[in-house]
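What follows is a short report on a single structure.
Below, chain A is the first sequence line, B the second, and so on; all start at residue 1. All values derive from a computational prediction rather than experimental measurement.
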2 protein chains.
Amino acid sequence: MTDVAKRAGVSAMTVSRALKADGAVSDKTRLRILKAVDELGYVLDQTAGTLSSKRSGFVAALIPSLNNSNFSDTARGMERALEQSGLQLLLGATDYVQEKEERLAEAMLRRRPEGIIVTGGDHSPKLRRLLQGAGVPVVETWDLPTDPIEHVVGFSNVGAMRALVHRLYQLGYREIGFLGGAGLRDTRGAARRAGYEAAVAELGLPLGRVIAFGEAPISMDHGSIAMTQMMAHWPGVDAVVCVSDLSAFGAMTECQRRGWAVPGQIAIAGFGDFEVARCCHPRLTTVSVDPMGIGMAAGALLWRSIEAMRAGARLAAEQHPIPYQIIERETT
Amino acid sequence: MTDVAKRAGVSAMTVSRALKADGAVSDKTRLRILKAVDELGYVLDQTAGTLSSKRSGFVAALIPSLNNSNFSDTARGMERALEQSGLQLLLGATDYVQEKEERLAEAMLRRRPEGIIVTGGDHSPKLRRLLQGAGVPVVETWDLPTDPIEHVVGFSNVGAMRALVHRLYQLGYREIGFLGGAGLRDTRGAARRAGYEAAVAELGLPLGRVIAFGEAPISMDHGSIAMTQMMAHWPGVDAVVCVSDLSAFGAMTECQRRGWAVPGQIAIAGFGDFEVARCCHPRLTTVSVDPMGIGMAAGALLWRSIEAMRAGARLAAEQHPIPYQIIERETT
DNA sequence: CTGTTAGCGCCTTCAC
DNA sequence: GTGAAGGCGCTAACAG
């Protein structure tokens, strides 16, 4: 910066101002400075800026998986909401593993983010302490935790899956199965299973029609294998709901390969409204949860909270429920 | 850090050492320090550490899209390769837009990454200058640029698509079409189209069987629409190759909806070996390009280059071609 | 194995 | 609108 200053015939302080959006520098001086910057190929060292200004200029977001359009849409929503703020979004993928979430959060916090967004409401005690002690706003997404850390933007996975099963009941299905993952890594998946179990109990439907295997992320292949197992164990099942559209798609193609008519012999419903659900043949019934809306709401809330914090205030914790919607297509 | 030091009865410097993996501190002292760290909820400020040590501890990777398993697998490969290095990987998505790639790269460089990985070999002149002037190792991936910035890990998209068309010719197809995007945003997509055009010219097949519309990212829906257009314009086409498996899948489901037999009436091949290509019915013929292998090779190469740089040396530019493979399944 | 000193590159604060 | 002084929190370098 000193080199640039010398070349432009000003002080380093003036260069610093010229490189800020709102720096009070005359147009003539700024032009001279920008020319020097360009000639020298100078790139501001934000690391030093962060240290002296105590503003890192970024927020961290932790999502379970990059390669899941639900979460990457959420990330795009956050990016869009933060566009005007000047804050950069730094993403980390936890691979559905709490321990990795913890390590990643700590790595982010060492770089002093001005806010942090996490997925779900189920975190290790250490992570909760870390986030609460970080002194920056926190938003939990994709869930409605009973004991939130601070802000929340999400929906009830239990409620959404429960509503789907009730709808299938209305449509006349009487022996409804569930395909999902084993293990508790995917806490939203576990909540959806709980919603399924609550619904079949309420409706007096036969219990136990559950195939749970494999760890998150549950993929298309899982759905294929789980479907085969389901029909082997419970040949009378007339509809299956799946933890996500990906496994629902795998289940459906398995039916097609085996010559089981969908929805004639067996109905299938997914969760998440992925592109494959809209495009496949027949098209999948599913639950749409507006992932980009979650991201935009979370980003906007975090930004308001950061603005409050910069002004020395503190935004009271907010809860934003996001609506979901059952989308009936051709597989039911 | 001073607070921690006081509590542990040592100097700040000793705390700093205790928090590094290889710091020369006695076990007894370290234990006392870690206890104080825990009690105070202290989190190291890496921003200050970066400033004084001149090591930011992260590398930047720019990919076109997060929600594309090819690129997210590449990212996972890079992460795996960098695991032992202690470097954190920070991802940025360019959405296939050069201007956004440029902005993102500059934002990353302001944070002083120790290395940078970009996708493709086609960048704005300003970005090239920026990367060359950054003084850190650069790896270009997913392509074999004729004029690389420094290191390269990739394959020829032209060659891979050309090989696919030649294989279809061997199988007996004589009127082969191409479905892809319009515009040049997706430079790899443009290269694949060039490979298709080279092949049909070489083989003396009828030219012009190309439907190009829509901007990247080309999705399943694009494939459906493009397929309809293809059959309207060129009803004699007996095989289509697609810029990616996603559009190939959309094309196939469109055929199923319209009652066009695949592969009986029309054969379909995709590109990228996405999960949907392995799982759909019938299964898609495609080109597999080992995205995780690209990521691991790129990450390993970058790490060697960073190690050399830290030792005051400089690794000569390397080119790593990654093999691709045609996978014949049920749609051809 | 531990401590002291100095400085990383920028921005806050104050002065003019 | 511009400049000077000082310090952000840490680590390199050197000393013991």
Would you check if R7(B) and L40(B) make a side-chain contact, meaning some heavy-atom pair closer than 4.5 Å?
yes
Given E39(A) and K35(A), is the side chain to side chain contact (heavy atoms under 4.5 Å, CB included) satisfied, shown in steps?
CA-CA 6 Å; E39(A) 286 164 359; K35(A) 185 158 159 286; 3.2 Å; yes
Residues which pass salt bridge (charged side-chain N to carboxylate O under 4.0 Å, His left out) with D27(A), listed by chain and number, not counting sequence neighbours:
none
Per side chain to side chain contact (heavy atoms under 4.5 Å, CB included), H151(A) is matched among L315(A), V138(A), I117(A), T141(A) by L315(A)
D147(B)/R128(B) salt bridge by N-O under 4.0 Å criterion
yes
Are side-chain N/O atoms of E140(A) and H123(A) paired as donor and acceptor at under 3.5 Å?
yes
Set out, line by line, the N/O atom pairs under 3.5 Å between protein and nucleotides 11-13 of chain C.
{"residue": "dC11(C)", "atom": "OP1", "partner": "K20(A)", "partner atom": "NZ", "Å": "3.2"}
{"residue": "dC11(C)", "atom": "OP2", "partner": "S16(A)", "partner atom": "OG", "Å": "2.1"}
{"residue": "dC11(C)", "atom": "O4'", "partner": "S52(A)", "partner atom": "OG", "Å": "2.3"}

Return the 5'-most residue of the pair Q46(B), A24(A) with respect to DNA chain D, ranking by each residue's nearest nucleotide.
A24(A)
Phosphate OP1/OP2 of dG3(D) contacted by T14(A) side-chain N/O (<4.0 Å)
yes
In whole Å, I'd like the distance from the CG atom of D45(A) to the C1' atom of dG9(C).
6 Å
Measuring to OP1 and OP2 of dG9(C), would you say a side-chain N or O of Y42(A) lies under 4.0 angstrom away?
no
DNA chain D-proximal residues of residues 106-114 of chain B, any heavy atom under 4.0 Å
none
P137(A) to E114(A) - nearest heavy-atom pair and separation:
CD-O, 3.3 Å
Can you work out whether T47(A) or S11(B) has the more 5'-proximal nearest nucleotide on DNA chain C?
S11(B)
Which pairs pass side chain to side chain donor-acceptor pair (under 3.5 Å) with one or both residues in residues 51-73 of chain A, sequence neighbours excluded?
D73(A)-R76(A)
Here's a test for you: under side chain to side chain contact (heavy atoms under 4.5 Å, CB included), which of D143(A), D290(A), I294(A) qualifies with F155(A)?
I294(A)
Rounded to the Å, how far apart are K6(A) NZ and dG9(C) C1'?
14 Å
What's the shortest heavy-atom distance between L51(A) and A48(B), and which atoms?
CD1-CB, 3.6 Å
Where the side chain of S26(B) is defined as all heavy atoms beyond and including C-beta, which of dC10(C), dG9(D), dC1(C) is the nearest nucleotide?
dC1(C)
Separation of atom NZ in K54(B) from atom P in dC8(C), rounded to whole Å
7 Å
Suppose we screen for ring pair (Phe, Tyr, Trp, His ring centres under 6.0 Å). Which residues come up paired with Y96(B), at least two apart in sequence or across chains?
none
Starting from P on dA12(D), measure out to CG on L19(B) and report it in whole angstrom.
13 Å
Let's see if you get this right: which residues in residues 27-41 of chain B place a heavy atom under 4.0 Å from DNA chain D?
none
